[in-house]
Amino acid sequence: MKKICIAGGGPAGVVAAIFASENPENKIYIFDKGIILNTLLPTGGGRCNLAYNEYNFKELAKFYPRGEKFLYSVFSVFSTKETIEFFKKIGIDTYVQEDLRIFPVTNSSKDVKEALLKQINKKNINKVFEQIGDITKTDKGFCVKTGKNIYNFDAVVISCGGRGSGQKLAKNLGHNIIDLKPSLCALVTKEKDFVSLAGVSLKNIKAEVFFDNKKVKIPPSMLTGDILFTHTGISGPLVYRISSYCAYLDFCKERPLKIVLNISRKNFDEFDGIFLKDLKENPQKETLNVLSKHIPKNFAAALCEKENIDKIQKAGQLSKIDRQKLSKALTSLAINVISAVKGEEIVTAGGVDLKEINAKTMESKLVSNLYFCGEVLNIDGLTGGFNLQNCWSTGFLAGNSLL
Ligand SMILES: Cc1cc2nc3c(=O)[nH]c(=O)nc-3n(C[C@H](O)[C@H](O)[C@H](O)COP(=O)(O)OP(=O)(O)OC[C@H]3O[C@@H](n4cnc5c(N)ncnc54)[C@H](O)[C@@H]3O)c2cc1C
């Protein structure tokens with residue numbers, strides 16, 4: 001009989017518990033300071049984007065700015081196919097959305113939560129609603145301390161997520177922790193010109209990112225997408241991806257991250273030629289209305305204001321300098337980013353150093369019978385179901401290692 005502590009009842013810990021429980025001799029206790037699996041509820045806007053329709057494990061791993069190589073081994077054992085099969089087995093059928101994200105057919109994260117909880121209850125896994133403050137190694141196993149009690153276990157799985165408490169437990173057990181940084185988050189801009197545009201989005205635009213006058217290396221396929229203007233800056237899928245790739249750059253007011261947007265997706269000469277033709281063909285129209293052919297009207301108005309151009313002047317009267325200013329804004333609009341929006345990140349970059357973890361078992365290389373899974377590790381993906389995929393895959397390996 002093995003007594004196992006699962007420290008953290010999020011998606012990773014719960015899946016580890018379910019797989020470990022396949023050995024009926026195991027006595028499993030899930031500890032959670034809050035409500036088990038509640039972190040699953042807001043995922044995918046309440047729909048739970050639980051995986052991504054990529055079946056080649058090396059291709060799938062490319063969506064993780066941190067953890068890619070480590071995940072080769074993990075995903076070669078348990079990735080998209082196994083995830084879909086697992087969920088089908090516990091009563092959750094899935095479908096693939098047009099953008100390849102995978103959701104439960106009911107579009108309900110509550111249903112995913114209930115299905116997983118049903119497994120826990122069926123398998124007689126114990127729930128302890130206490131916050132773990134410390135875990136120490138003993139001669140026979142581990143001593144787990146909560147504010148209320150002290151417990152002894154043969155094996156421990158740390159699955160406390162990305163917010164820092166699991167990393168602290170790991171550090172006390174001798175593990176190195178890679179600095180925690182917000183990732184997949186909105187960004188605060190230096191420019192306040194676009195405040196009036198809060199809520200306006202631009203679709204399918206291209207970006208380039210610079211820091212200290214050097215281009216930041218980001219795969220080109222990740223640099224096209226939608227952007228949303230907010231009260232403090234920019235957000236949306238493209239911005240989330242940029243925030244992820246730039247999570248470890250020390251940008252600030254004095255050293256901003258420069259994002260150059262190509263809204264028209266044409267080069268300057270090409271766009272300027274088209275714009276000139278539009279202006280010539282509509283000399284009596286207001287400049288704003290001609291510009292609105294290419295971008296949302298409120299965005300066109302904000303651009304005119306930013307460039308000090310009278311938006312109601314007749315298109316035929318727009319000077320060459322002003323036309324070129326607008327063409328430049330539509331082909332290379334520079335936005336300076338000074339920080340991430342704190343506390344609203346979807347995922348945390350950083351965590352338990354992967355060098356100290358066995359990628360085949362999720363066991364610590366430093367402390368035997370100590371395992372890790374989920375976001376507590378230095379693994380984070382882009383939006384698209386990748387972060388939950390990390391939980392299912394590493395959770396499976398940890399649980400399976402405890403059979
Ligand atoms: C708004 C939002 C939407 C998201 N949408 C998606 C999505 O659609 N698809 C996707 O792939 N990812 C999504 N994510 C990311 C995903 O939810 C996380 O990556 C995932 O929940 C991490 O799972 P985990 O089990 O590692 O940790 P968590 O889900 O954070 O769970 C950790 C658990 O441990 C408990 N705990 C922590 N410390 C202690 C302690 N000391 N003692 C006891 N218990 C403790 C916590 O209460 C919690 O229940 C989203 C995240 C957010 C915030």
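Numbering of ligands and ligand atoms starts at 1, following listing order. Computation of the quantities below employed the complete heavy-atom set of this structure, encompassing side-chain atoms and omitting hydrogens, waters and symmetry-equivalent molecules.
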Got the closest protein heavy atom to atom 21 (O) of ligand 1, with its distance?
-> P11 CG, 3.7 Å
Check each of G166, S109, C391, G161 against atom 23 (O) of ligand 1 and report the one with the nearest heavy atom.
-> C391
Test item: side-chain donor near acceptor, N390 and E375, under 3.5 Å = no
Under 4.0 Å, heavy atoms only, figure out whether ligand 1 is touched by the backbone of A7, its side chain, both or neither.
-> neither
Would you call D154 and K140 a salt bridge, using N to O less than 4.0 angstrom?
-> no
Counting from 1, what ligand 1 atoms have a heavy atom of E130 closer than 4.0 Å?
-> 43 (C)
Salt-bridge present (D99, R101; N to O < 4.0 Å) = yes
Near G44 (heavy-atom distance under 4.0 Å), the atoms of ligand 1 are 5 (N), 6 (C), 7 (C), 8 (O)
Hey, is R101 one of the residues with a heavy atom under 4.0 angstrom from ligand 1?
-> no
Could you grab the distance from atom CD1 of I30 to atom CZ of F129, nearest 0.5 Å is fine?
-> 9.0 Å
What about Q131: any of its N or O atoms under 3.5 Å from an N or O on ligand 1?
-> no
Charged N to carboxylate O below 4.0 Å: is that the case for E281 and K277?
-> yes
T106 versus D111, side-chain donor and acceptor atoms under 3.5 Å | yes
How close does the nearest protein non-hydrogen atom get to atom 49 (O) of ligand 1, and which residue and atom is it?
-> D32 OD2, 2.6 Å
In the protein, what heavy atom is nearest to atom 50 (C) of ligand 1, and what distance, to one decimal place, separates them?
-> I346 CG2, 3.4 Å
Should D272 and R323 count as an ion pair when the cut-off is N to O under 4.0 Å?
-> yes
Y64 and Q389: side-chain donor and acceptor closer than 3.5 Å?
-> no
Which residue owns the protein heavy atom closest to atom 4 (C) of ligand 1, what's the atom, and how far is it?
-> T43 CA, 3.6 Å
For atom 44 (N) of ligand 1, the closest protein heavy atom turns out to be K33 N, 3.1 Å
Geometric N/O contact P42 with ligand 1, under 3.5 angstrom = no
Output the list of atoms in ligand 1 that are nearer than 4.0 Å to some heavy atom of G374, sorted by atom number.
-> 26 (O)
Steps toward side-chain hydrogen bond (donor to acceptor under 3.5 Å, both in side chains) verdict (K171, N176) | CA-CA 6 Å; K171 195 169 179 197; N176 180 42; over 6 Å; no
Indicate yes or no: does E25 engage K2 in a salt bridge with an N to O separation below 4.0 Å.
-> no
Protein heavy atom at shortest distance from atom 11 (O) of ligand 1 | L388 N, 2.7 Å
Just checking, any donor-acceptor pair under 3.5 angstrom between side chains of N107 and Y95?
-> yes
Looking only at protein heavy atoms, which one is nearest to atom 28 (P) of ligand 1, and how far off is it?
-> T39 OG1, 3.7 Å
Under 4.0 Å from one or more heavy atoms of F386, ligand 1 contributes atoms 11 (O)
Just jot down the ligand 1 atoms closer than 4.0 angstrom to any heavy atom of G385, in number order.
-> 9 (N), 10 (C), 11 (O)
Measure from atom 40 (C) of ligand 1 to every heavy atom in C48, S165, G13 and give the option owning the shortest one.
-> S165
Would you call K88 and E85 a salt bridge, taking side-chain N to carboxylate O under 4.0 Å as the test?
-> no
Which ligand 1 atoms, with their elements, are less than 4.0 angstrom from a heavy-atom of S159?
-> 32 (C), 34 (O)
Between A12 and ligand 1, find which residue part has any heavy-atom pair under 4.0 Å and reply side chain, backbone, both or neither.
-> both
Does the side chain of T287 come under 3.5 Å of the side chain of N289 through a donor N or O and an acceptor N or O?
-> no
Minimum-distance protein heavy atom relative to atom 19 (O) of ligand 1 | E375 OE1, 2.6 Å
